[in-house]
Protein chains: 2
Amino acid sequence: MTIPDPHTVEAWTSLFRASQALLDGVESGLKAHGLPQLSWYDALLEIEKAGADGIRPFELKERLLLPQYGTSRLLDRVAKAGLITREDVETDGRGQIVRLTEKGRDTRKAMWPIYAGALITLIQSRISPSELAELNRLLHKITPARPKA
Amino acid sequence: MTIPDPHTVEAWTSLFRASQALLDGVESGLKAHGLPQLSWYDALLEIEKAGADGIRPFELKERLLLPQYGTSRLLDRVAKAGLITREDVETDGRGQIVRLTEKGRDTRKAMWPIYAGALITLIQSRISPSELAELNRLLHKITPARPKA
DNA sequence: GCCATGTAAATGCAACTGCATCTATTTGGA
DNA sequence: TCCAAATAGATGCAGTTGCATTTACATGGC
């Protein structure tokens, strides 16, 4: 059995810690402002991008890389909070169309400065633009091409 | 409100995806072999390092960067699986000493090749040693010095 | 010695995730 | 047409996490 280079283990550790720290930072900022979780942001943004046409949950799950049940339940919560509407689609009795409400749009907008601020503080202020580009390049080497939704 | 550089957002996204992909890879490997979660590995390793003296839960929580209740419950599960012993300490009636059992040692040992193999496949085989070093350097810039346990 | 304060650890409750399964509907063939 | 297989989405259940609180013990000042 091959033993990994200590640098490999360290990379995994620092990668994990970094992403953990960033996530915590963003989430605690949102929570401190009484705003929903980060996962809601991505969903709201995708739904907002879909515009008046709305989006089907199965499309959403592909874009958010969430499991089907995760999407279903996330939509439950977001709908319960009044941020989206879900209505049946006539062309397919199994499906539904999700659309953002005004409140949903407002919520997403309110989340953005907090989210962005955290990223600036936690990333942008700590690393130079060229290093940032290099970091991106290296991370993309590690993460294989997403397996085509 | 300052707007973050798109590269910053992309770095956050790739960082998150990379760490998610690695975590999933390691976890699914362990699960496929009928082994416990990765979080158990770290705990078992720390406890093993403590040797015959054992370790106090509050020390463990500092080393693992876990919340107090998380540590308490992790130890519950690990103890229920027979991988550790917990006994009261005489010098401090509030505390306990955690020690690894033989079974705990065996389990940790069994986990390592799977864990290591996943790291080799997912990281080491995809990036050169010098790039790995650079990745480490960049990640350490982003993650601030841990706030001294 | 007594009490306020602090520290170690556990726990009730709500939220969330994973897994498997279920229901409803559509689709593609024989 | 009819039925097996596929697809969209929901859901029961167990496990896990976060938060707040609780229990138990220790310590320092008076």
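Every chain is numbered from 1, with letters handed out A, B, ... down the list of sequences. The figures that follow rest on heavy atoms only: side chains count, while hydrogens, waters and symmetry mates do not.
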Would you indicate, yes or no, if [N] has its OP1 or OP2 atom less than 4.0 angstrom from a side-chain nitrogen or oxygen of [X]?
X: A:R77; N: C:dC16; result: yes
X: B:R94; N: C:dG6; result: no
X: B:S72; N: C:dA9; result: no
X: A:Q68; N: C:dG18; result: no
X: A:K61; N: D:dG9; result: no

In this structure, how many angstroms lie between the [atom2] atom of [N] and the [atom1] atom of [X], rounded?
X: A:I55; N: D:dG9; atom1: CD1; atom2: P; answer: 10 Å
X: A:L74; N: D:dA10; atom1: CG; atom2: P; answer: 12 Å
X: B:E59; N: C:dA8; atom1: CD; atom2: C1'; answer: 12 Å
X: B:L60; N: C:dA10; atom1: CG; atom2: C1'; answer: 16 Å
X: B:E87; N: C:dA8; atom1: CD; atom2: P; answer: 19 Å
X: B:L65; N: D:dT17; atom1: CG; atom2: P; answer: 15 Å
X: A:L38; N: C:dA15; atom1: CG; atom2: C1'; answer: 17 Å
X: A:L66; N: D:dA8; atom1: CG; atom2: P; answer: 16 Å

Where the side chain of [X] is defined as all heavy atoms beyond and including C-beta, which of [options] is the nearest nucleotide?
X: B:R86; options: C:dA10, D:dT11, D:dA26; answer: C:dA10
X: A:R56; options: C:dA10, C:dG18, D:dA8; answer: D:dA8
X: B:Q96; options: C:dC19, D:dG18, C:dA9; answer: C:dA9
X: A:P67; options: D:dA26, C:dG18, D:dA8; answer: C:dG18
X: A:R73; options: D:dG18, D:dA10, D:dG12; answer: D:dG12

Donor-acceptor pair, B:R99 side chain versus B:D53 backbone, under 3.5 Å? yes
Using a heavy-atom cut-off of 4.0 Å across all strands, would you classify [X] as base, sugar-phosphate, or nothing?
X: B:G95; answer: sugar-phosphate
X: A:D76; answer: nothing
X: A:G93; answer: sugar-phosphate

Rounded distance (nearest 0.5 Å) linking atom CD of B:Q37 with atom CG of B:L74: 9.0 Å
Hey, is A:R86 close enough to A:D76 for a salt bridge, meaning N to O under 4.0 Å? yes
What is the ring orientation for A:W112 with A:Y115, classed by angle as parallel under 30°, tilted 30 to 60°, or perpendicular over 60°? perpendicular
Heavy-atom closest contact (A:I55 atom, A:A50 atom, distance): CB-CB, 3.8 Å
Between B:K31 and A:W40, just flag the one whose closest nucleotide in DNA chain C comes earlier from the 5' side. A:W40
Same cluster for A:L35 and B:V9 if Ile/Leu/Val/Met/Phe/Trp/Tyr side chains link at under 4.5 Å? yes
